[in-house]
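Accompanying notes for the structure given below.
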2 protein chains.
Amino acid sequence: MMEIINKFKGKGFKLTPQRLSILKFLDGNTSHPTAEDIFKALKKTHPTVSFATVYNTVQALRDRGELQEITIDPEKKHFDPNTAPHHHIMCTACKRVEDVFADYSSALQLPENVSKNFAVSGNHVDFYGICKKCRS
Amino acid sequence: MMEIINKFKGKGFKLTPQRLSILKFLDGNTSHPTAEDIFKALKKTHPTVSFATVYNTVQALRDRGELQEITIDPEKKHFDPNTAPHHHIMCTACKRVEDVFADYSSALQLPENVSKNFAVSGNHVDFYGICKKCRS
DNA sequence: CTGCTATAATAGAATTATTCTAAATTAGTA
DNA sequence: TACTAATTTAGAATAATTCTATTATAGCAG
Ligand SMILES: [Mn+2]
Ligand SMILES: [Mn+2]
Ligand SMILES: [Zn+2]
Ligand SMILES: [Zn+2]
């Protein structure tokens, strides 16, 4: 937590109480929350908070490379404070998104005809399935 | 094209002129159009068409496994009439989505702790980068 | 400390993507 | 040819996100 605060010191990023609350919620969070999830959590400590604050903060964090946007769910965006390269799996029944920690990098070579046309900046693998809970 | 028409014969899927126009547009289309792209194309032949027709048809095709939804773009859904397993790369500048035909299936093994909790139904790899045109 | 200013918070309007509704139309078939 | 279930349509509704204008404040300079 102290880490986080120091990370943003003197970067033109103001550490407001609202932002601290969001940062605390996101710190080590592996639930891949949506903007609404963050908003709900934030309302507990800041009942009068605005949705715009959530989007503003999310955007500021994204711009600073401290938060990544997950595209696995066709319905809505999820966010992930873990910016290390990793992958995800979503249960198509309950929509929960879980982490997949595996290094596929050496296998994910692009075919010649694509690699010659793109300066590649990254990749991720999305898996889909049904989780144990949803089968019982 | 004849193929397409036969594919839907007698399945409770009515081949209306609007749908035929959409099917013709999608047939062999590798541009990964959004709903709006389909709508614009459809308006050329059917100027009074409604957006709901596009979404209805897209949904009907998706339900029949004839169209897949692409999640690579955080801004909007793209659609792909190629339902064979393959992957994609998006230019983060111009947002164009291109195909990546490569078989990574053998490499994409899930870690034990995930595979034991999920009945996996599929996966795809999303690549990001800047295309040649956007660099010049 | 105090005051300044750039940055952020807020409410609410606006925009965009998508879904829903209810009435009119029509493809496919009996 | 006539019927009916499926489809089209316009427009309203919903949901996610962005924008705008005003007010408040974090962090810094003096
Ligand atoms: Mn994650
Ligand atoms: Mn494709
Ligand atoms: Zn589940
Ligand atoms: Zn490009």
Side-chain angles (χ1 to χ4, degrees), chain A residues 4-23 25 32-64 66-79 95 97, chain B residues 4-23 25 32-64 66-79 95 97:
Chain A
I4 302 171
I5 295 174
N6 288 324
K7 192 168 348 192
F8 294 108
K9 276 270 177 68
K11 296 271 177 75
F13 182 89
K14 286 191 182 176
L15 279 171
T16 65
Q18 292 91 337
R19 284 182 169 184
L20 276 173
S21 182
I22 292 177
L23 288 171
F25 173 70
H32 307 95
T34 63
E36 197 189 355
D37 295 333
I38 297 171
F39 179 66
K40 279 179 183 160
L42 181 54
K43 271 219 289 215
K44 288 179 192 161
T45 54
H46 295 80
T48 67
V49 79
S50 156
F51 230 113
T53 298
V54 172
Y55 281 108
N56 286 342
T57 303
V58 156
Q59 190 169 355
L61 292 173
R62 205 206 300 105
D63 291 349
R64 283 165 179 78
E66 297 296 337
L67 189 67
Q68 72 173 115
E69 216 171 88
I70 307 294
T71 63
I72 194 172
D73 183 350
E75 305 314 321
K76 46 182 48 161
K77 290 178 192 166
H78 293 246
F79 297 96
K95 318 292 181 188
V97 176
Chain B
I4 301 172
I5 294 172
N6 289 323
K7 191 169 344 193
F8 295 107
K9 274 268 178 69
K11 297 270 176 77
F13 182 91
K14 286 189 181 176
L15 280 170
T16 64
Q18 293 89 337
R19 284 183 170 183
L20 277 173
S21 182
I22 292 176
L23 288 170
F25 174 69
H32 307 94
T34 63
E36 198 189 355
D37 295 332
I38 298 171
F39 179 66
K40 278 179 183 160
L42 181 54
K43 271 219 288 216
K44 288 181 192 161
T45 55
H46 297 82
T48 67
V49 81
S50 156
F51 231 113
T53 297
V54 172
Y55 280 108
N56 286 342
T57 303
V58 156
Q59 191 168 356
L61 293 173
R62 204 206 302 106
D63 291 349
R64 284 167 179 77
E66 298 295 338
L67 189 66
Q68 71 173 116
E69 217 171 88
I70 307 294
T71 62
I72 194 173
D73 182 350
E75 305 314 320
K76 44 182 51 160
K77 289 178 192 168
H78 292 245
F79 298 96
K95 318 293 182 187
V97 176

Tell me the bend of the helix from C/dC1-D/dG30 to C/dA30-D/dT1 as the angle between end helix axes, each from five pairs, rounded to the nearest 10 degrees.
30°
With rounding to the nearest 0.5 Å, note down the distance linking CZ in B/Phe39 to OH in B/Tyr55.
10.0 Å
Using atom CZ of A/Phe39 as one end and atom P of C/dA9 as the other, report the distance to the nearest whole Å.
13 Å
Rounded to the Å, how far apart are B/Lys76 NZ and C/dT18 C1'?
12 Å
Can you check the A/His78 NE2 to D/dA16 C1' distance for me, whole Å?
12 Å
Take A/Phe79 and A/Ile70 through the test side chain to side chain contact (heavy atoms under 4.5 Å, CB included) and record every step on the way to the result.
CA-CA 6 Å; A/Phe79 297 96; A/Ile70 307 294; over 6 Å; no
Tell me which of A/Phe79 and A/Leu15 sits closer to the 5' end of DNA chain D, going by the nucleotide each one is nearest to.
A/Phe79
Check every strand shown and say whether B/Thr48 touches a base, only sugar-phosphate, or nothing at a heavy-atom separation below 4.0 Å.
sugar-phosphate
So, is A/Thr53 near the phosphate of C/dT10, with a side-chain N or O under 4.0 Å from OP1 or OP2?
yes
B/Arg19 has an atom CZ; how far is it from atom C1' of C/dT26, in whole Å?
12 Å
Out of A/Leu67, A/Ile38, A/Thr16, which one pairs with A/Ile22 under the side chain to side chain contact (heavy atoms under 4.5 Å, CB included) rule?
A/Ile38
Run the side-chain contact (heavy atoms from CB on, under 4.5 Å) test against B/Gln59 and tell me which residues pass, sequence neighbours left out.
B/Arg62, B/Asp63
With nearest nucleotides of DNA chain C determined for B/Gln18 and B/Thr34 from heavy-atom distances, which residue corresponds to the more 5′ nucleotide?
B/Thr34
For B/Thr71, which residues count as a side chain to side chain donor-acceptor pair (under 3.5 Å) partner, sequence neighbours excluded?
none
Report the distance from atom CD1 of B/Ile22 to atom C1' of D/dT9, rounded to the nearest whole Å.
13 Å
Expected list for residues 45-54 of chain B: side-chain donor-acceptor pairs under 3.5 angstrom, two or more places apart:
unit_1: B/Thr45; atom_1: OG1; unit_2: B/Ser21; atom_2: OG; d: 2.7
unit_1: B/Thr45; atom_1: OG1; unit_2: B/Leu42; atom_2: O; d: 3.1
unit_1: B/Ser50; atom_1: OG; unit_2: B/Ala52; atom_2: N; d: 3.0

What protein N or O atoms touch nucleotides 18-25 of chain D N or O atoms at under 3.5 angstrom, if any, and at what distances?
unit_1: D/dT25; atom_1: O2; unit_2: A/Lys14; atom_2: NZ; d: 3.4

Measure from the side-chain heavy atoms of B/Phe13 and tell me the nearest of D/dT17, D/dT7, D/dA16.
D/dT7
Send over the distance from B/Asp73 CG to D/dT17 P, rounded to a whole Å.
13 Å
Kindly indicate, with the supporting measurements, whether the criterion side chain to side chain contact (heavy atoms under 4.5 Å, CB included) is fulfilled by A/Leu15 and A/Phe13.
CA-CA 6 Å; A/Leu15 279 171; A/Phe13 182 89; 4.0 Å; yes
So which atom in A/Arg64 and which in A/Gly12 form the shortest heavy-atom distance, rounded to 0.1 Å?
NH2-O, 3.8 Å
In whole angstroms, how far is the P atom of C/dA8 from the CG atom of A/Leu42?
15 Å
Sequence neighbours left out, what pairs pass salt bridge (charged side-chain N to carboxylate O under 4.0 Å, His left out) with at least one residue falling in residues 40-49 of chain A?
A/Glu36-A/Lys40
Can you tell me how far C1' of D/dA15 sits from NZ of A/Lys40, to the nearest Å?
13 Å
Kindly point out which of C/dA9, D/dT9, D/dT8 is positioned nearest to the side chain of B/Thr57?
D/dT8
